[in-house]
Colleague: 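Before we start, here is the structure in question, set down as structure tokens.
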Amino acid sequence: MQTLSQFFSQIQVLYKTAALLLLSNCFMTFAWYAHLKNLGNSPLWVAIISSWLIAFFEYCIMVPANRIGFSGLSLGQLKILQEVISLSIFVPFAFLYMKQPLKLDYLWASLCMLGAAYFMFRDKL
């Protein structure tokens with residue numbers, strides 16, 4: 001049985017990790033996909049360099065997030081948390097920034113991710 005201080009310590013790890021992963025996924029989503037909208041007529045090397053520059057900042061946030069997260073979460077939990085956050089950033093990005101239609105498939109994918117999160121975190125519930 002874990003003590004109350006251990007519980008709050010794990011919650012702090014989860015919140016810090018999630019906050020940093022949210023921020024890093026914003027950068028990464030732009031690094032991966034924004035060039036499709038903004039640099040479609042530019043040479044490929046321009047898109048690659050631009051994406052790498054954005055991804056550098058993503059890594060500066062993601063690496064500490066993973067280090068903090070790994071202090072209280074398993075590797076599988078850390079990965080599922082990142083995937084859930086990634087989808088939660090991607091859907092608004094696709095709809096609002098890339099002007100893609102909002103499809104019901106995003107809901108089904110989100111439900112599958114919630115199921116995966118449940119199985120990865122059920123020992124902590």
Side-chain angles (χ1 to χ4, degrees):
M1 180 125 197
Q2 78 186 64
T3 67
L4 196 56
S5 65
Q6 288 172 325
F7 172 76
F8 284 119
S9 175
Q10 285 182 333
I11 292 296
Q12 282 184 325
V13 165
L14 183 61
Y15 284 146
K16 286 178 188 176
T17 303
L20 288 170
L21 287 176
L22 275 165
L23 186 57
S24 74
N25 270 278
C26 289
F27 279 100
M28 200 55 170
T29 301
F30 273 89
W32 283 4
Y33 303 110
H35 66 88
L36 298 173
K37 180 178 179 179
N38 300 324
L39 300 173
N41 295 326
S42 299
L44 184 58
W45 69 269
V46 172
I48 290 170
I49 298 291
S50 299
S51 293
W52 278 357
L53 289 172
I54 296 169
F56 170 77
F57 294 105
E58 184 270 341
Y59 272 78
C60 289
I61 301 165
M62 181 268 305
V63 170
N66 284 333
R67 286 192 175 198
I68 292 167
F70 196 61
S71 71
L73 302 171
S74 72
L75 189 60
Q77 290 170 333
L78 194 54
K79 180 60 180 171
I80 289 299
L81 178 62
Q82 190 279 326
E83 293 298 337
V84 168
I85 290 170
S86 180
L87 187 59
S88 71
I89 296 296
F90 177 77
V91 173
F93 172 84
F95 180 68
L96 297 171
Y97 187 79
M98 297 294 288
K99 307 296 186 208
Q100 297 292 305
L102 194 57
K103 299 195 281 186
L104 202 53
D105 291 344
Y106 292 130
L107 173 64
W108 305 133
S110 297
L111 291 174
C112 289
M113 293 300 290
L114 285 176
Y118 167 76
F119 285 110
M120 291 307 291
F121 284 91
R122 67 181 168 170
D123 67 328
K124 295 199 184 287
L125 298 176

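The figures that follow rest on heavy atoms only: side chains count, while hydrogens, waters and symmetry mates do not.
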Colleague: Within this structure, what is the CD1-CG distance for the pair I61 and L23, rounded to the nearest 0.5 Å?
Modeller: 3.5 Å
Colleague: Looking at F30 versus F93, is the centre-to-centre ring distance below 6.0 Å?
Modeller: yes
Colleague: For the CZ atom of F57 and the CE atom of M28, what is their distance to the nearest 0.5 Å?
Modeller: 13.5 Å
Colleague: Following the transitive rule for hydrophobic clusters with a side-chain heavy-atom cut-off under 4.5 Å over Ile, Leu, Val, Met, Phe, Trp and Tyr, establish whether F121 and L75 coincide in one cluster.
Modeller: yes
Colleague: State yes or no: do L114 and Y118 share one hydrophobic cluster built from I, L, V, M, F, W and Y residues joined by side-chain heavy-atom distances below 4.5 Å, directly or via other members?
Modeller: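 No, no single cluster joins them.
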Colleague: Report the distance from atom CG of N66 to atom CG of L78, rounding to the nearest 0.5 Å.
Modeller: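 With rounding to 0.5 Å, CG (N66) is 4.5 Å from CG (L78).
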Colleague: Hey, can you pull the donor-acceptor pairs under 3.5 Å for the side chains in residues 99-113, sequence neighbours left out?
Modeller:
unit_1, atom_1, unit_2, atom_2, d
K99, NZ, L96, O, 3.0
S110, OG, Y106, O, 2.8

Colleague: Indicate the atoms forming the closest heavy-atom contact of L20 with P64, along with that distance.
Modeller: CD1-C, 4.4 Å
Colleague: Which pairs with one or both residues in residues 35-53 pass side chain to side chain donor-acceptor pair (under 3.5 Å), sequence neighbours excluded?
Modeller: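 Listed by first then second residue: N38-Y97.
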Colleague: At their closest point, which heavy atom of L39 faces which heavy atom of A47, and how far apart are they?
Modeller: CD1-CA, 3.9 Å
Colleague: Out of curiosity, does I49 fall in the hydrophobic cluster containing I54 (side-chain heavy atoms, cut-off under 4.5 Å, transitive links)?
Modeller: no
Colleague: Using modelled atom types and a 3.5 Å cut-off, is there a donor and acceptor pairing between side-chain atoms of S88 and backbone atoms of I85?
Modeller: yes
Colleague: Please give me the minimum heavy-atom distance between A31 and A55, naming the atom from each residue.
Modeller: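 Between these two residues, the closest heavy atoms are CB-N, 3.9 Å.
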Colleague: Indicate the atoms forming the closest heavy-atom contact of C26 with I89, along with that distance.
Modeller: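 So the minimum-distance heavy-atom pair works out to SG-CD1, 3.8 Å.
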Colleague: Is any side-chain heavy atom of Q82 closer than 4.5 Å to a side-chain heavy atom of N25?
Modeller: yes
Colleague: Quick one: pull up CG in L73 and CE in M120 and give me the separation to the nearest 0.5 Å.
Modeller: 10.0 Å
Colleague: Treat each ILVMFWY residue as a node, draw an edge where side-chain heavy atoms are under 4.5 Å apart, and state whether F70 and I80 are in one component.
Modeller: yes
Colleague: Tell me every residue that passes side chain to side chain contact (heavy atoms under 4.5 Å, CB included) with K16, counting only those two or more places apart in sequence or in another chain.
Modeller: I68
Colleague: Decide whether L36 and I48 are clustered together by the hydrophobic rule: side chain heavy atoms of Ile, Leu, Val, Met, Phe, Trp, Tyr closer than 4.5 Å, transitively.
Modeller: no
Colleague: Enter the distance from T17:OG1 to R67:CZ here, rounded to the nearest 0.5 Å.
Modeller: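 Going from OG1 on T17 over to CZ on R67, the span is 13.0 Å.
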Colleague: Taking it one step at a time, do Q77 and D123 satisfy side chain to side chain contact (heavy atoms under 4.5 Å, CB included)?
Modeller: CA-CA 11 Å; Q77 290 170 333; D123 67 328; 3.3 Å; yes
